[in-house]
A.B. asks: 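The structure's right below; bear with me while I get my questions together.
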Amino acid sequence: MTDFVLASAAPDVMLSHLALYGLAAIVEDGGLDDVRLSWTGGMSPRPVLSAPQATPERIGEIVRRHAAGGDDPDNWPSRQISDREKRALMSPRISVIAEREGWQELQDRRHEVLDRLTGARALLDLRLIAALGEPSYWRLNKQGQRLQDDGAHRMEMQPRNQGSEFVGNRLRPLAAAVAARTAGEVADGLLGRRVRDEVGKDKPDSRTPTGLAAPGPTDNALAWCALWGISQFPIAARTSGFATATGHIGRGTAGYYYVPVWAGRWRTARHRTILASKQLAEYAATGLTPKELGRSAEHSVEAPVAAARQWLADRQVISVVRFPVHRFGSASAPERRAMLGELLKVGPR
């Protein structure tokens, strides 16, 4: 095994976890065999990707090639809602579509993309699109107004000011920036040897982290992987409210994100089963009130904690990191952000 350590990725930052998840998904999809995920030991753990061929050159080239695919004008990130409408077709949150014909056209064009990706067995692309969700034509409030954003994943936090959206204003620019690098430059960014924020122009208030970390210069290869890390958190659409999103607890667009930290090396499939487990969600709710969880006052949150702790400990989970989500800026186009994480130990205290 060769270890590839994301040396600049701190465990109390949500972007660090998603960068590891996204990197593993990308390199596995790109042909790297026997991929495992782990964390270094000691007081400052860092995420590690391991594989027999996990050399900086190999990983850098796979990620660069993946970004180049995302930058392809024929690929789904480049598709527009219509010939007249430049917004990205596959974004889960877009500005209001008022006409029935507009919805029908949106669905037809989206289904065309999904059929094409299914035929090509582009499983990682399909997994990301499914996890991001879609504009919810099925959700209306009591006044009959459409609640389009209720079908989107909470981790998609691109602010909506001036009509911006996730795929067109975040994925596309990052794809172009990473594709323009050499394999070595991509690897250097992932390894923390050098930070290059081409999209954010290296500004101190760069929004390249897209809510997964505080504003600031963020290496674009690391950010590209982190946004693809959302693919590991599936959602379930509902007719009665926001979609239920893996990795999120709490009410509405606020609440908390949560992820595990574990001992040993996990395969990506095992990792996904833990992320989606109810035991992880139950343990992440430790110490939160029913109000903070968006539940009725009589709902007990303490009863399942002991069983969840044991279930996680049996699977080598040593802690859960919980990230409160805060809102900043205007009420009409708020900026949401995962704050620094709180460590919830799973083992004996």
Side-chain angles (χ1 to χ4, degrees), residues 70-114 128-141 143-177 197-201 203 205-213 215 218 220 223-224 226-228 230 235 237 242-243 245 252-254 325-338:
D71 191 40
D72 189 327
D74 291 330
N75 207 349
W76 65 266
S78 298
R79 293 291 299 274
Q80 301 174 179
I81 289 179
S82 71
D83 295 337
R84 310 173 303 281
E85 175 55 77
K86 304 299 183 185
R87 288 172 297 169
L89 176 64
M90 305 309 283
S91 268
R93 293 186 302 130
I94 55 178
S95 51
V96 174
I97 297 176
E99 304 298 330
R100 181 181 179 86
E101 293 75 16
W103 279 103
Q104 188 61 58
E105 183 178 4
L106 177 76
Q107 289 301 304
D108 289 346
R109 291 173 75 94
R110 284 183 62 95
H111 291 170
E112 180 188 337
V113 169
L114 296 176
L128 177 61
I129 292 170
L132 289 174
E134 62 179 310
S136 58
Y137 57 83
W138 59 88
R139 283 277 294 147
L140 303 172
N141 63 15
Q143 290 73 42
Q145 298 164 328
R146 203 173 302 280
L147 304 172
Q148 285 187 199
D149 291 356
D150 284 9
H153 201 297
R154 310 292 204 290
M155 291 182 194
E156 193 277 84
M157 292 183 283
Q158 170 67 30
R160 289 271 292 278
N161 51 310
Q162 300 180 336
S164 63
E165 35 79 15
F166 181 79
V167 175
N169 295 89
R170 190 53 53 196
L171 274 188
R172 284 181 194 162
L174 282 174
D197 189 349
E198 298 95 326
V199 171
K201 303 184 188 309
K203 293 180 178 178
D205 62 347
S206 166
R207 261 49 181 184
T208 293
T210 322
L212 298 174
T218 303
N220 281 189
W224 172 255
L227 295 187
W228 279 81
I230 297 175
I235 66 171
F242 270 102
T253 55
V325 182
H326 289 185
R327 293 159 60 103
F328 301 87
S330 70
S332 59
E335 177 182 354
R336 287 184 292 134
R337 190 184 309 159

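Quick caveat, the model's predicted, so the values are computed rather than measured.
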A.B. asks: Measure the spacing between CG of Leu147 and CD of Gln145 and express it to the nearest 0.5 Å.
C.D. replies: 8.0 Å
A.B. asks: Just so I know, are the side chains of Gln158 and Val167 near enough to count as touching, which here means a heavy-atom distance under 4.5 Å?
C.D. replies: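 No. Closest side-chain heavy atoms not under 4.5 Å.
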A.B. asks: Taking salt bridge (Lys or Arg N to Asp or Glu O under 4.0 Å) as the cut-off, I'd like each qualifying pair that reaches into residues 94-104, sequence neighbours left out, listed once.
C.D. replies: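 Listed by first then second residue: nothing to list.
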A.B. asks: Considering residues at least two apart in sequence or located in another chain, which fulfil the side chain to side chain contact (heavy atoms under 4.5 Å, CB included) criterion with Val325?
C.D. replies: Tyr257, Arg336
A.B. asks: Quick check for you: to the nearest 0.5 Å, what is the distance between Leu212 atom CG and Leu227 atom CG?
C.D. replies: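 If we round to the nearest 0.5 Å, Leu212:CG and Leu227:CG are 6.0 Å apart.
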A.B. asks: Look up atom CD1 in Ile235 and atom CZ in Arg154, then write down how far apart they are to the nearest 0.5 Å.
C.D. replies: 9.0 Å
A.B. asks: Using a strict cut-off of less than 4.0 Å between a Lys/Arg side-chain nitrogen and an Asp/Glu carboxylate oxygen, indicate whether Asp74 and Arg79 qualify as a salt bridge.
C.D. replies: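 Between Arg79 and Asp74 there is no salt bridge, as every charged N stays at least 4.0 Å from the carboxylate O atoms.
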A.B. asks: With the side chain counted from C-beta on, respond yes when Ile94 and Ser91 share a heavy-atom pair under 4.5 Å apart, and no when they do not.
C.D. replies: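 They are in side-chain contact.
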A.B. asks: Starting at OG1 of Thr210, measure out to CE of Met155 and round the result to the nearest 0.5 Å.
C.D. replies: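 Rounded to the nearest 0.5 Å, the OG1-CE separation comes to 13.5 Å.
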A.B. asks: Indicate the atoms forming the closest heavy-atom contact of Ser78 with Pro73, along with that distance.
C.D. replies: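 Scanning both residues completely, I find the closest heavy atoms to be CB-O, 3.5 Å.
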A.B. asks: Any side-chain to backbone donor/acceptor pair from Asn220 onto Thr218? Under 3.5 Å, distance only.
C.D. replies: yes
A.B. asks: Show the nearest heavy-atom pair for residues Ala152 and Pro92, with the distance to one decimal.
C.D. replies: CB-CB, 3.8 Å
A.B. asks: Step by step, would you call Lys86 with Glu165 a salt bridge (Lys or Arg N to Asp or Glu O under 4.0 Å)?
C.D. replies: CA-CA 11 Å; Lys86 304 299 183 185; Glu165 35 79 15; over 6 Å; no
A.B. asks: Out of curiosity, Ile97 CD1 to Tyr137 OH, how far, rounded to the nearest 0.5 Å?
C.D. replies: 12.5 Å
A.B. asks: Using the salt bridge (Lys or Arg N to Asp or Glu O under 4.0 Å) rule, collect all pairs that involve residues 325-335, keeping only residues at least two apart or in two chains.
C.D. replies: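 Salt bridge (Lys or Arg N to Asp or Glu O under 4.0 Å) check on residues 325-335 returns Arg207-Glu335, Glu335-Arg337.
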A.B. asks: Any side-chain heavy-atom pair from Glu134 and Arg110 closer than 4.5 angstrom?
C.D. replies: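 With C-beta onward as the side chain, the pair touches.
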A.B. asks: Between the side chains of Asp197 and Ser206, does any donor sit under 3.5 Å from an acceptor?
C.D. replies: yes
A.B. asks: Looking only at non-hydrogen atoms, find the nearest pair between Gly70 and Ala175 and report the distance.
C.D. replies: C-CB, 3.9 Å
A.B. asks: Applying side chain to side chain contact (heavy atoms under 4.5 Å, CB included) between Pro173 and each of Thr208, Val199, Asp71, report the one that passes.
C.D. replies: Val199
A.B. asks: Could you please spell out the steps behind the salt bridge (Lys or Arg N to Asp or Glu O under 4.0 Å) verdict for Asp149 and Arg160?
C.D. replies: CA-CA 11 Å; Asp149 291 356; Arg160 289 271 292 278; 3.0 Å; yes
A.B. asks: Okay, side chain of Arg87, backbone of Ser95: is any donor-acceptor separation there less than 3.5 Å?
C.D. replies: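 Yes: the side chain of Arg87 pairs with the backbone of Ser95.
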A.B. asks: Going from CD on Glu156 to CG on Leu132, what distance comes out if it is rounded to the nearest 0.5 angstrom?
C.D. replies: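 Going from CD on Glu156 over to CG on Leu132, the span is 6.5 Å.
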A.B. asks: Between Arg170 (side chain only) and Met157 (backbone N and O only), is there a donor and an acceptor less than 3.5 Å apart?
C.D. replies: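 No, the answer is negative, given that no donor and acceptor are paired below the 3.5 Å cut-off.
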A.B. asks: Heavy-atom distance under 4.5 Å between the side chains of Trp228 and Leu171, does that happen here?
C.D. replies: yes
A.B. asks: Taking side chain as C-beta onward, heavy atoms only, is Arg146 less than 4.5 Å from Trp103?
C.D. replies: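 They are in side-chain contact.
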A.B. asks: Does some side-chain heavy atom of Leu114 sit less than 4.5 Å from a side-chain heavy atom of Trp76?
C.D. replies: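 Not in contact.
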A.B. asks: With a 3.5 Å distance limit and no angle check, can you tell me whether Gln80 reaches the backbone of Ser82 through a side-chain donor-acceptor pair?
C.D. replies: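 Yes, because the side chain of Gln80 sits within donor-acceptor range (under 3.5 Å) of the backbone of Ser82.
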